[in-house]
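First the proteins, then the strands, lettered A, B, ... as listed; each starts at 1.
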There are 2 protein chains.
Amino acid sequence: MAKPRSGPYICGIDAALDVVSGKWKGLILWELDTYDVRRFAELRRGLPGVSEKMLTQHLREMEQDGLVHREVYAEVPPRVEYSLTEHGRSLNAALGPLGRWGMDRIARERTELVEHRDAEILPRPS
Amino acid sequence: MAKPRSGPYICGIDAALDVVSGKWKGLILWELDTYDVRRFAELRRGLPGVSEKMLTQHLREMEQDGLVHREVYAEVPPRVEYSLTEHGRSLNAALGPLGRWGMDRIARERTELVEHRDAEILPRPS
DNA sequence: TGGGGTACTTACCACAAGGTGAGTGAGGAA
DNA sequence: TTCCTCACTCACCTTGTGGTAAGTACCCCA
């Protein structure tokens, strides 16, 4: 048992966040959405810094949650392909507005940083 | 320092999740969206099970992230009112589709549970 | 005089999430 | 012959997140 699903949720946000929270899950979703089908090692290269343990763990949880499909080919060397299920794709669609909000936040943060920097560099216009 | 913001994000989802992840933040957002203005103790009563420490901590972080506005009245007994900022409201709007997806997930889970239960109660229709 | 409400802060503690490094077993490249 | 790749698993350790309980300073009500 990887995670004891926290049972009855208070609202939909709860239920959705439970499924996407996890350091790499957003990126995995993104990667599988843009590439359609990806092998384990491809995903690992696509998420720089992820450990193999976390990648397998997250993929298993997402499989349990019905977001990703795992196809194992009985070959040597082994081949495992991951792709999004219908639910995974609909989750990604539902994450669209949130992603756009996040982009705005990044842009906002950057302009604030720039303003701060300018304020430090030019505190008093002589 | 409450949280070292993880710096440059890879995508918008990252940036947005960084802001809403936290055990009670979704509920706080929801509460402030439905009631518009809430005092500390009202929020605490609205989130059954939250500790005072976590509530203040989450509210401070959300204030730092520009999601909530904190208005302190110099009265005795003290009065502090929390409300959503423009960004907080837009975040809530962006969370709408995700919330609906979560509701679907809850419904889906429930029907699966019912099917399981039926399968156990009526394994063989005599 | 004692209790409750207001909005916190602080210290301490437990558990979960995540990172590290090793091992697996077969095949192909150097 | 040694290393690398594939897709993991396992044991161990560190960090982060959240919970508990107490303290604070002032006021109102019984």
Side-chain angles (χ1 to χ4, degrees), chain A residues 1-7 9-10 14 17-28 31-32 35 37-65 68-83, chain B residues 1-7 9-10 14 17-28 31-32 35 37-65 68-83:
Chain A
M1 251 170 275
K3 243 206 280 187
R5 276 15 179 116
S6 42
Y9 299 111
I10 304 179
D14 253 33
L17 285 183
D18 188 28
V19 147
V20 274
S21 66
K23 197 170 177 187
W24 306 94
K25 290 196 181 171
L27 279 306
I28 293 174
E31 191 83 2
L32 287 182
Y35 289 99
V37 174
R38 294 246 99 177
R39 299 181 58 173
F40 184 86
E42 289 173 330
L43 280 171
R44 186 154 56 86
R45 283 188 288 264
L47 315 182
V50 73
S51 65
E52 302 193 338
K53 185 191 112 186
M54 284 317 300
L55 186 52
T56 43
Q57 194 180 313
H58 280 168
L59 285 169
R60 290 297 141 84
E61 288 175 7
M62 294 168 82
E63 194 192 354
Q64 275 205 344
D65 288 333
V68 311
H69 173 70
R70 181 164 175 268
E71 187 81 37
V72 183
Y73 296 88
E75 300 176 359
V76 162
R79 182 158 64 104
V80 181
E81 286 184 350
Y82 294 93
S83 55
Chain B
M1 254 171 267
K3 240 203 281 186
R5 275 17 178 116
S6 41
Y9 299 112
I10 304 178
D14 253 33
L17 285 184
D18 187 28
V19 147
V20 276
S21 67
K23 196 172 179 188
W24 306 94
K25 289 196 183 171
L27 278 308
I28 293 174
E31 191 84 1
L32 287 182
Y35 289 99
V37 174
R38 294 247 98 180
R39 299 181 57 173
F40 184 85
E42 290 174 329
L43 280 170
R44 186 154 55 87
R45 283 189 288 265
L47 315 182
V50 74
S51 66
E52 301 193 338
K53 185 190 111 187
M54 283 318 298
L55 186 52
T56 43
Q57 196 179 113
H58 279 170
L59 285 169
R60 291 298 141 85
E61 287 174 10
M62 295 169 80
E63 195 192 353
Q64 274 205 345
D65 289 333
V68 311
H69 173 70
R70 182 164 175 267
E71 186 80 37
V72 184
Y73 296 87
E75 301 176 359
V76 164
R79 183 157 64 105
V80 181
E81 286 185 349
Y82 293 93
S83 55

>> What is the separation between atom CD on A:Glu63 and atom P on D:dA7, rounded to the nearest whole Å?
In response: 15 Å
>> Can you confirm whether A:Glu61 sits close enough to A:Gln64 that some side-chain heavy atom of one is under 4.5 Å from a side-chain heavy atom of the other?
In response: no
>> From CG of A:Asp18 over to C1' of C:dA16, roughly how many Å is that when rounded to an integer?
In response: 14 Å
> Where do A:Glu31 and A:Leu47 come nearest, in terms of heavy atoms and distance?
Replying inline: OE1-CD2, 4.5 Å
>> Within the 4.5 Å heavy-atom criterion, are A:Met54 and A:Lys23 side-chain neighbours or not?
In response: no
> How many Å lie between CD on B:Glu75 and C1' on C:dC8, as a whole number?
Replying inline: 16 Å
> When you measure from the side chain of A:Val76, which nucleotide among C:dC8, D:dC26, C:dG27 comes out closest?
Replying inline: C:dG27
> With respect to the side chain of B:Pro77, which nucleotide from D:dA7, D:dC8, C:dT6 is positioned closest?
Replying inline: C:dT6
Strictly under 3.5 Å: I want the nitrogen or oxygen pairs between protein and nucleotides 18-24 of chain D, one per line.
from: D:dG18; atom 1: OP1; to: B:Lys23; atom 2: N; distance (Å): 2.7
from: D:dG19; atom 1: OP1; to: B:Lys23; atom 2: NZ; distance (Å): 2.8
from: D:dG19; atom 1: N7; to: B:Lys53; atom 2: NZ; distance (Å): 2.8
from: D:dG19; atom 1: O6; to: B:Lys53; atom 2: NZ; distance (Å): 2.2

> Side-chain contact, heavy-atom cut-off 4.5 Å: B:Leu43 with B:Leu59?
Replying inline: yes
> Which stems does DNA chain D form, counting runs of 3 or more consecutive Watson-Crick or G-U wobble pairs with both distances under 3.5 Å?
Replying inline: C:1-30 with D:1-30
> Contact class for B:Arg45 (heavy atom, under 4.0 Å): base, sugar-phosphate, or nothing?
Replying inline: sugar-phosphate
> Rounded to the nearest 0.5 Å, how far does CH2 of B:Trp24 lie from CG of B:Leu55?
Replying inline: 9.5 Å
> Which heavy atom in B:Glu75 sits nearest to a heavy atom in B:Arg79, and how many Å separate them?
Replying inline: OE2-NH2, 3.0 Å
> Taking OH from A:Tyr73 and C1' from C:dG27, how many angstroms apart are they, rounded to a whole number?
Replying inline: 20 Å
> For the pair made of CD in A:Glu61 and P in C:dG18, what is the distance, rounded to whole Å?
Replying inline: 8 Å
>> Strictly below 4.0 Å: does B:Arg70 bring a side-chain N or O up to OP1 or OP2 of C:dC8?
In response: yes
> Rounded to the Å, how far apart are B:Arg79 CZ and C:dA7 P?
Replying inline: 9 Å
> If only side-chain N and O atoms of B:Arg44 are considered, is one of them under 4.0 Å from the OP1 or OP2 phosphate oxygen of C:dC8?
Replying inline: no
> Is the shortest heavy-atom distance from the side chain of A:Tyr82 to the side chain of A:Leu32 under 4.5 Å?
Replying inline: yes
> Roughly how far apart are B:Arg44 CZ and B:Ser51 OG, rounded to 0.5 Å?
Replying inline: 10.0 Å
> Can you name the nearest heavy-atom pair linking A:Gly46 to A:Pro48, along with the distance?
Replying inline: O-CD, 3.2 Å
>> I need the NZ-C1' distance between B:Lys25 and D:dT17, as an integer number of Å.
In response: 11 Å
>> Please tell me if B:Arg60 has a side-chain N or O lying less than 4.0 Å from either OP1 or OP2 of C:dT9.
In response: yes
>> Classify B:Tyr82 by what it touches in the nucleic acid, base, sugar-phosphate, or nothing, heavy-atom distance under 4.0 Å.
In response: sugar-phosphate
> CD of A:Gln57 to CE of A:Met62: how many Å apart, nearest 0.5 Å?
Replying inline: 12.5 Å
> What integer distance in Å separates B:Phe40:CZ from C:dG5:C1'?
Replying inline: 13 Å
